[in-house]
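Inspection log for the structure reproduced underneath, given as C-alpha cells.
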Amino acid sequence: MKPRPDLGYALDAAPALLGWLLIHQSPDGLTAGYIVETEAYMASDAASHSYRGKTPRTEVMFGPAGHLYVYFTYGMHYCVNIVTGPAGRGEAVLIRALEPFKGLELMRHRRGNVPDVQLTSGPAKLTKAMGINKTHNGASVLSGGSFRLLPGIKPADIVQTTRIGISRETTKPWRFYIAGNPYVSRL
DNA sequence: TGAGTGATTGACT
DNA sequence: GTCAATCACTCAT
C-alpha cells in the first residue's frame with residue numbers, strides 16, 4: 001500500500017481511504033482505528049456543507065487536501081472529514097466508522113459503558129472515542145501533527161451504496177464500506 | 001430577529 | 001418503532 005492515501009477527488013478518495021489507519025495522539029493518550037466506512041461529499045453537491053460556497057464554517061473544506069474538517073451538529077455531536085481534491089473545490093470524505101486498533105481502554109473511558117463493537121460504529125461515536133472536537137478543525141493528517149494516516153489493511157470487498165442521514169441528493173451512491181466489517185454503522 | 005433544519009445518538013414505548 | 005437533546009447555521013420575515 002502507498003505511504004500516503006490518494007486524496008484526488010472525493011469520489012475516488014472515499015473508497016481509497018477504506019482500510020487506512022487513522023491515529024490521534026492526544027494529551028490523554030493514543031487512539032487509532034482502521035477506516036471501514038466513508039462518504040464522499042463533492043463539489044456542486046447539494047448535500048455538502050460546501051454547496052453554498054466558502055463560509056467561516058466550511059473554510060477548511062476549500063483548503064488543501066489532507067486536513068481535517070470537523071463540524072458540530074445536532075447541538076451535541078462532532079463529525080470528522082478528510083479534505084480531498086485540489087484546493088478550492090470544497091470536497092471532503094466523511095469518516096463514518098472505524099475499527100478500533102489502539103487505545104481501546106481510552107475509547108471505552110470516553111464512550112462510557114458500551115459494547116466494544118459500538119465504540120466507533122458511527123460518525124459521532126468515533127469522534128468521541130478518538131477525542132476529536134472542533135479544536136482539531138483544520139489539522140493535517142499528512143504533515144506529522146497529532147493526527148496521522150498510515151497504510152493499514154487492504155479491504156477484500158467494498159460495498160457502494162447511498163449516503164445516510166441526508167435529505168438532498170439521496171440517490172447518489174457515494175457511501176462506501178468494507179463488506180462484512182462489524183463496525184460499519186448501518187448496512 | 002425568528003423559525004426551521006441538520007452528514008446523530010441514546011433512551012424510552 | 002418514536003422522540004428528545006440542543007447549537008450552529010440558513011433562509012425568510
Side-chain angles (χ1 to χ4, degrees), chain A residues 7 9-18 20 22 31 33 35-63 65-85 89-100 107-139 141 147 158-178 181-187:
Chain A
L7 297 178
Y9 292 97
L11 198 47
D12 300 320
L17 281 168
L18 293 175
W20 284 76
L22 179 66
T31 48
I35 297 172
V36 300
E37 180 180 351
T38 59
E39 284 179 3
Y41 285 86
M42 304 290 285
S44 304
D45 173 2
S48 173
H49 291 172
S50 61
Y51 183 62
R52 280 169 241 293
K54 188 166 151 182
T55 67
R57 183 199 197 192
T58 60
E59 188 177 9
V60 173
M61 286 186 79
F62 289 89
H67 290 253
L68 297 182
Y69 166 51
V70 183
Y71 67 90
F72 185 63
T73 191
Y74 291 107
M76 61 180 79
H77 297 305
Y78 293 103
C79 297
V80 62
N81 296 247
I82 296 175
V83 176
T84 64
R89 282 184 63 87
E91 296 192 0
V93 173
L94 171 70
I95 308 302
R96 282 197 59 89
L98 300 173
E99 176 176 332
M107 290 186 186
R108 292 185 191 109
H109 176 70
R110 285 169 172 159
R111 289 277 292 124
N113 185 26
V114 301
D116 281 4
V117 75
Q118 292 174 26
L119 283 175
T120 55
S121 60
K125 296 177 190 175
L126 72 89
T127 55
K128 187 169 183 185
M130 298 280 287
I132 297 173
N133 58 60
K134 67 181 176 186
T135 68
H136 303 117
N137 189 39
V141 295
F147 289 93
I158 293 174
V159 178
Q160 177 173 8
T161 180
T162 53
R163 295 179 289 184
I164 289 177
I166 55 175
S167 62
R168 294 190 265 197
E169 301 286 7
T170 55
T171 61
K172 293 286 194 299
W174 291 347
R175 172 174 173 250
F176 303 86
Y177 63 87
I178 297 178
N181 189 284
Y183 297 92
V184 169
S185 66
R186 287 159 58 175
L187 297 178

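Note on naming: letters A, B, ... go to the chains in the order of the sequence lines (proteins, then strands), and numbering restarts at 1 for each one. Here the structure is a predicted model, which means the values were calculated and not measured.
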- request: Kindly compute the distance separating NE2 (A:His67) from NE2 (A:His136), expressed to the nearest 0.5 Å.
  value: 15.0 Å
- line: Of A:Ala92 and A:Val114, the one whose nearest nucleotide on DNA chain B sits closer to the 5' end is A:Ala92
query: What residues form a ring-ring contact (aromatic ring centres under 6.0 Å, His included) with A:Tyr9, not counting sequence neighbours?
result: none
task: For A:Thr38 and A:Ala14, indicate whether the former's side chain and the latter's backbone hold a donor-acceptor pair under 3.5 Å.
output: yes
query: Between A:Arg110 and A:Thr127, is there a donor-acceptor pair closer than 3.5 Å when you use the side chain of the first and the backbone of the second?
result: no
Which atom pairs, one a donor and one an acceptor, fall under 3.5 Å between side chains of residues 78-85 of chain A and the rest of the protein, sequence neighbours left out?
| residue | atom | partner | partner atom | Å |
| --- | --- | --- | --- | --- |
| A:Asn81 | OD1 | A:Leu94 | N | 3.4 |
| A:Asn81 | ND2 | A:Tyr69 | O | 3.3 |
| A:Thr84 | OG1 | A:Ala10 | N | 3.3 |

query: Looking for any heavy atom pair under 4.0 Å, which part of the strands does A:Ala47 touch: base, sugar-phosphate only, or nothing?
result: base
message: What range of DNA chain C does chain A touch, first nucleotide to last, counting atoms under 4.0 Å from its heavy atoms?
response: C:dA5 to C:dC11
- request: Give, for atom NZ of A:Lys128 and atom CZ of A:Arg111, the distance between the pair rounded to the nearest 0.5 Å.
  value: 6.5 Å
message: I need the A:His49 NE2 to A:Tyr71 OH distance, nearest 0.5 Å.
response: 5.0 Å
field: Heavy-atom donor-acceptor pair, A:Gln160 side chain to A:Pro173 backbone, under 3.5 Å
entry: yes
- prompt: Between the main-chain N or O of A:Asp116 and the side-chain N or O of A:Arg108, is there a donor-acceptor pair closer than 3.5 Å?
  reply: no
field: CZ-CD1 distance between A:Arg175 and A:Ile166, expressed to the nearest 0.5 angstrom
entry: 11.0 Å
- prompt: Can you give the dot-bracket line for DNA chain C, where a pair is Watson-Crick or G-U wobble with both atom distances under 3.5 Å, crossing pairs use [ ], and | marks a partner on another strand?
  reply: |||||.||||||.
message: I'd like the C1' distance from B:dA7 over to C:dG1, given in whole Å.
response: 23 Å
task: May I ask you to say what A:Tyr74 touches in the nucleic acid, namely base, sugar-phosphate or nothing, with a heavy-atom cut-off under 4.0 Å?
output: base
- request: Name the first nucleotide and the last nucleotide along DNA chain B (5' to 3') that come under 4.0 Å of a heavy atom in chain A.
  value: B:dG6 to B:dG10
- prompt: For A:Ile166 and A:Arg111, take the nucleotide of DNA chain B holding the closest heavy atom to each; which residue's nucleotide lies nearer the 5' end?
  reply: A:Ile166
- prompt: So which one's nearest nucleotide on DNA chain C is more toward 5', A:Arg52 or A:Met76?
  reply: A:Met76
message: Under 4.0 Å, counting only non-hydrogen atoms across every strand here, what does A:Arg57 touch: a base, just sugar-phosphate, or nothing?
response: sugar-phosphate
task: Could you name each residue pair satisfying side chain to side chain donor-acceptor pair (under 3.5 Å) that touches residues 50-61 of chain A, not counting sequence neighbours?
output: A:Ser48-A:Ser50, A:Thr55-A:Thr58
